[in-house]
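Here is the naming used below: chain letters follow the sequence lines, and residue numbers restart at 1 for every chain. The analysis underlying the following values was restricted to heavy atoms, covering all of them including side chains, and did not include hydrogens, waters or symmetry mates.
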Amino acid sequence: MPVVSVDSLTKTFRVPVRESGLAASVRSLFNREFRHVEAVKAIDFTIEPGEIVGFLGPNGAGKTTTLKMLTGLLYPTSGSASVLDHDPSLRERELLKRLALIMGNRNNLNWDLPALDSYELQRAIYEIPKDQYASRVESFVELLDLGALIDKPVRNLSLGERMKVEIGGALLHHPEVLFLDEPTLGLDVTMQQRIRTFIKEHSRKTGATVMLTSHYMADIVALCERVIVIHHGRIIYDGALSNLADQFAGYKTITVTAEQLTPSMESYGSVMSVAAQVATVRVARAEVSAVARRMLQDMSVLDISIAEPPIEDVIADVFDSSEPET
Amino acid sequence: MRAMRLLGTHWRIAAMNELQYRANFFVQLLHSGLSLVTGLIAIWLVFQYTPSLGGWSQPELLIVMGIHIIVGAVLRSFIEPNMRRLMDDVELGTFDYVMTKPVDPQILASIRELRVWHLVDFVLGGLVLGYGMIQLSTTTSALDVVAFGATLLAGVLMVYCVWIMITSTAFRVVRSQEVLNLFEGFYQTGRWPVTIYPVWLRGTLTFVIPLAFAITVPAEALSDRLSAATVVLAMSFAVVIVVVSRAVWRMNLKHYSGASA
């Protein structure tokens, strides 16, 4: 039984069109023209219990719109969504109690209050029994290292510290489904890692299903076995992260170290970098073994390695190659 | 029941936190004291020239003023801070978090803030009201007091309903802060009984911004001039405005879910 299932989900926004200039602005007061923007176009997918799914796409691809439809913040224009067997757009209390939404760029906790006070409010809102609440706070304090943070007003915390207390607060009610929109936005590498580890661990322990968007591929690689790639409102890939490169990157990279490189490295493929003895070349998948063999014949090779292209590059290629439909 | 518990938790925490800032208490005391003194001077000036203002004697006007201060305290400690926060939330996009909580968004949005120090005005308003009552020549029956309490509650509820309607327009036109400031200006007119104003303003203060119901009507209850018809009108209007404001809230909220990106 899937936790999240989405069927031909579509969202069209009606956006007022306004030309530049004062005259146009005044005209638009009386006669407003609208343009329809299809942010999400008939997407389908399902997510099984306990899965951690990465939701990828460039800015404006429809990620946040989809998350908002799944959390009942936006009504779909057509199609349907189901989360834990509820229609999210009805915003039933039974459903809302079981999910959580965390947006990296928006604060949930009250700035003026210490996080612990905001936690207390969460306890009242989600009706968490006192003993469970106490043990959860204790475990979050330990896992996220919140000891010195939860007594201070949130406004006095650094961005990373704030995100840690935010995440703690959002998970106090042990949501069964967790929607994370850019949870590590703007954080330094150590803090990103800490938050990733925590999310992974929390999902493992509580069995929570997680859907996550991020611009940091490291988040995705660390957390998600499965990714859904959305571009211009359509899903262009849904499957294992490890197969993404197979499907979209028609090439691998060969890094070769030789006593002396041949001057014409371009003959092997497109050269990505070249130093005194080391060169990296991008080679079409089908030709990889032939090219490697030629390299070994042409030069006295000290070391050679063949690798999948970095996931960032694959994703960038995916977004570049699939043009919007008109 | 559940809403009351939520309210209790929110207020307890808000109070605990604000009580840490003692300086605010003295600032508030000074502010309230000043506006009390200017209010009293205005009344004193008026009665230098006339024994009654539109049929209201000096003690009766003190009662109006006391109620004006008390309702103002409710407004500034409970209603206004919540409405401002709601508008900020809509502007920042953090209202999404209110919407994803398993609580009615209108209830949650209306109970999150409490400005403890404005409660100073409760005490001051009570003192002015009490003093006016002592000076009064007529006697006040228990029924009058009950009518006073009921009409005051209904009046405050009406003021809240108007605010929630104004504030929920924020879901459509994100910047509606200015409207709140306008309301504050109107509120100052409530320190005098609405019966002294011209008909058009009286109508506005009764049915558009129901200060007549929140201030003048309870004052009428204590000054022996409240008619049964007024009580019925006040209670019926309260019911109507509760229903209407809820509908307006829902309609505006629907707009939020329909269009925001």
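- The line from CD1 of B:I166 to CG of B:N252 is 12.0 Å long, rounded to the nearest 0.5 Å.
- Between the OG atom of A:S118 and the CD1 atom of A:I150 there is a distance of 11.0 Å, given to the nearest 0.5 Å.
- With values rounded to the nearest 0.5 angstrom, B:L211 atom CG is found 9.0 Å from B:F186 atom CZ.
- If you look at B:F78 and B:H118, their ring centroids are not closer than 6.0 Å.
- Of all residues in residues 100-116 of chain B, those placing a non-hydrogen atom less than 4.5 angstrom from a non-hydrogen atom of chain A are B:T100, B:K101, B:P102, B:V103, B:P105, B:L108, B:E113.
- Aromatic rings from A:F140 and A:Y119 are positioned such that their centres are separated by 6.0 Å or more.
- Residue B:W249 is tested with B:Y160, B:F171, B:W163 for a ring pair (Phe, Tyr, Trp, His ring centres under 6.0 Å); the sole match is B:F171.
- Contact count versus chain A (heavy atoms, under 4.5 Å) is highest, among B:M16, B:R5, B:H10, B:R2, for B:R2.
- A 4.5 Å side-chain heavy-atom check between B:I79 and B:I164 finds every atom pair outside the cut-off.
- Between the OH atom of B:Y187 and the OG1 atom of B:T189 there is a distance of 9.5 Å, given to the nearest 0.5 Å.
- Residues A:T209 and A:E176 fail the side-chain proximity criterion, which asks for heavy atoms closer than 4.5 Å.
- Both the backbone and the side chain of A:M103 come within contact range of chain B, judged by heavy atoms closer than 4.5 Å.
- At a heavy-atom separation below 4.5 angstrom, chain B is approached by A:Q122, A:A124, A:I125, A:Y126, A:E127 within residues 122-131 of chain A.
- By number of non-hydrogen pairs under 4.5 angstrom with chain B, the leading residue of A:D112, A:L99, A:N110 is A:N110.
- A cation-pi arrangement, defined by a distance under 6.0 Å to the six-membered ring centre and an angle within 45 degrees of its axis, is absent between B:R202 and B:Y197.
- Looking at A:H215 and A:E182, their side chains do bring a donor and an acceptor atom within 3.5 Å of each other.
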